[in-house]
Protein chains: 2
Amino acid sequence: MKSSKPTRAPTLDDVARTAGLSSMTVSRALNTPQLVRPKTVEKVMQAVRVTGYIPNALAGGLASRRSRLIAVVVPQINNNMFVDTIQTLSDELALRGYHMLLCVAGYTQQTESELVATLLSRRPDGVVLTGIHHSPALKKIILNAAIPVVEIWDLTPTPLDMLVGFSHEKIGMATGEFLLRKGYRRAGLLWTADRRAAQRKQGLCEVLSRHGIGEPGQVDVPLPASLALGRSGLAQLLTQENYDVIVCSSDTLAQGAIMEAESRGMIVPRDLAVIGFGDLDFAASNRPAITTVSIDRRDIGCRAATLLADRIEGVERDESIIDIGFHLIERESA
Amino acid sequence: MKSSKPTRAPTLDDVARTAGLSSMTVSRALNTPQLVRPKTVEKVMQAVRVTGYIPNALAGGLASRRSRLIAVVVPQINNNMFVDTIQTLSDELALRGYHMLLCVAGYTQQTESELVATLLSRRPDGVVLTGIHHSPALKKIILNAAIPVVEIWDLTPTPLDMLVGFSHEKIGMATGEFLLRKGYRRAGLLWTADRRAAQRKQGLCEVLSRHGIGEPGQVDVPLPASLALGRSGLAQLLTQENYDVIVCSSDTLAQGAIMEAESRGMIVPRDLAVIGFGDLDFAASNRPAITTVSIDRRDIGCRAATLLADRIEGVERDESIIDIGFHLIERESA
DNA sequence: TTGTACGCGTTATCAT
DNA sequence: ATGATAACGCGTACAA
């Protein structure tokens, strides 16, 4: 046993002492080695190894007013849609030297603004928010904190700060045009109750009504979407009307709808077409392959991370609103 | 405009000043209101509202040596298996007043030990690690930090500290016994290359060989598993041998295998049985419903959070190794 | 290139 | 029940 009770973690001072240097030099050797003589750096590294020193980011952040922490707020992660975005976000942030404080807001009792307030107590260098609809309280808190923010998964000309998203309404419209082009006239909606889905519906209905088609029938399902909800949802839709296409607010529902249809002896798309949303990884290889709307979910994470890190590090950026777009992929199911 | 340039966030002192109290009293009113006269608390709350004060957890953590931060390390999150665990973990931790620092180790270049070292610089109050196989460096860092740790998703009699998991080997054995009981004799494996899957395979092979059945044929697929890999994997298996059952290392692969089999005109399980793992949400409602091994992934998160929070807060616990078990659910596919 | 002095915003501790 | 004082461990600013 060398030191018996190292009851307290080694500090910069401990390292400095064993290296025979001042703590400031050690700090520099660790954070800005280019400002320190190589030999000295080596001595410091040696001392770090000996002491088992691990920097205290709490103290560092307090002193420097930079936490290298990004707070991320998402509604849910068992949703499948957000997971890729979060993973890319995390990877990209790690690459840039940031850690991710992840907050799943979904089932929390707190309002989003309370939640963000507690997150801000960590003094993150930036915040990622899902969606663009925030309470006045939330806006006030964020603007007051004067902290870089990226809103994701939605589009608006007036974001809080920066934004990476796409237009749900346009997706709805594109879907509507697709339906018309393919000759579908009796659409049924298998729809989740979230705001973004509602916007897609609006775009869809707008296009349909422009062509004299009334509001489609609809079955609502709760979040998170699942295969089971897709199956039961379709079953319910089939009792309503004689639809020729079912538009689903997610690929998961679409997969379930297809499964249910085929289990009843219907052939998709011959007897009933199905459209999904999201281009989840199973969509392309499903049988039948699911016609859906693809959005680059990873890209959202990547760009959000880059936008934030650049801003934090003072890199000039021309654009702070990024529309990553989408494309409708016609496959077999519709 | 009241105050024109609040260039710096309000501090405890600012609140104290506007409330006409000392900063210490404000701190107490916020953290331990029961030690402060109700009227005083009210005055403080008022001042907090006026100033828009948001506590600085960096400073608080530095002073109190408690960060109310839990670091969580997972290999991947687009894996579907871990997502529910993480979500529950996050929810449960939030309930207890902790934030989650999430680190997706999967594609990072850093070794797990470097990664944990940077996480420890945040001075988390606890750490959640996925798996039980760690480098000596990692172990040394963790033990040196003397920080509560929960390892999850695996079982060992000698965890670093606490553990919530289940026996992959036993799952393999249970699967093997199921195969034998159902009369399957020619098993093929559709398998991912992770350590836990390897352990399940080992248990499976052990049981089979005990009954005179040799090593099953196998096709390896990369992580993360997908429907597409399930389909192509089965296609490959079908060229090898005349299997009567395909054992998959995840439900996702199983779903793909079933789809591929049926697309070739085979009927599952009549012509070929398929078994999955995980009891993902689609397994029960798939057509045919997937026979699989269910583990309570949410429970892992819940218990890990509770174990950590209890330990941190000094609650006495009898057990620090929790085997959450599993059960094989026989459905239609095998 | 290295060192000194001080402050970051909070809580622990002791005193009143 | 409230206050005064001294850490907590580090980085900024400036000096040498």
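Letters A, B, ... mirror the listed sequences (proteins, then strands); counts begin at 1.
Of the residues in residues 24-33 of chain B, those with a non-hydrogen atom less than 4.0 angstrom from any atom of DNA chain C are B/Met24, B/Ser27, B/Asn31.
Spacing between atom CG of B/Leu12 and atom C1' of D/dT2 amounts to 14 Å, rounded to whole angstrom units. Separating the CZ atom of B/Arg17 from the P atom of D/dG3 is a distance of 14 Å, rounded to the nearest angstrom. The CG atom of B/Leu58 sits 12 Å away from the P atom of D/dG11 (whole-angstrom rounding). Atom CZ in B/Arg65 sits roughly 13 Å away from atom P in D/dA7 (whole-Å rounding).
A search for ring pair (Phe, Tyr, Trp, His ring centres under 6.0 Å) contacts involving B/Tyr53 returns nothing, not counting sequence neighbours. With sequence neighbours excluded, the residues forming a side-chain contact (heavy atoms from CB on, under 4.5 Å) with B/Thr85 are B/Ile152, B/Trp153, B/Arg297, B/Ile300, listed by chain and number. Residues forming a ring pair (Phe, Tyr, Trp, His ring centres under 6.0 Å) with B/Tyr98 (at least two apart in sequence, or on another chain): none.
In terms of position along DNA chain D, the nucleotide closest to B/Gly20 lies nearer the 5' end than the nucleotide closest to the other residue of the pair B/Gly20 and B/Ala63. Each of A/Ser23 and A/Gln34 was matched to the nucleotide of DNA chain C holding its nearest heavy atom; the match closer to the 5' end belongs to A/Gln34.
The phosphate of D/dG9 (OP1 or OP2) has no side-chain N or O of A/Thr11 nearer than 4.0 angstrom.
Of the listed nucleotides (D/dT2, D/dG11, D/dG9), D/dT2 has the atom at the smallest distance from the side chain of B/Val36.
Contacts classified as side chain to side chain donor-acceptor pair (under 3.5 Å) and involving residues 35-47 of chain B (residues at least two apart or in different chains) are given here: B/Gln46-B/Arg49.
Looking at heavy-atom distances under 4.0 Å, A/Leu62 makes contact with a base. Nucleic acid contact for B/Thr40: sugar-phosphate only, since backbone atoms but no base atoms lie under 4.0 Å from a heavy atom of the residue.
Looking at A/Arg311 and A/Asp161, a side-chain N of the basic residue comes within less than 4.0 Å of a carboxylate O on the acidic one, giving a salt bridge. For the pair B/Glu313 and B/Arg96, the salt-bridge criterion is met [side-chain N within less than 4.0 Å of a carboxylate O]. A salt bridge does not link B/Arg298 to B/Asp91: none of the charged side-chain nitrogens sits closer than 4.0 Å to a carboxylate oxygen. The existence of a salt bridge linking B/Asp154 and B/Arg196 is confirmed by a sub-4.0 Å separation between a basic side-chain nitrogen and an acidic carboxylate oxygen.
Taking OG from A/Ser22 and CG from A/Asp13, the interatomic distance works out to 9.0 Å, rounded to the nearest 0.5 Å.
Bounding nucleotides for the chain B contact on DNA chain C, 5' to 3', at a heavy-atom distance below 4.0 Å, are C/dG9 to C/dA12.
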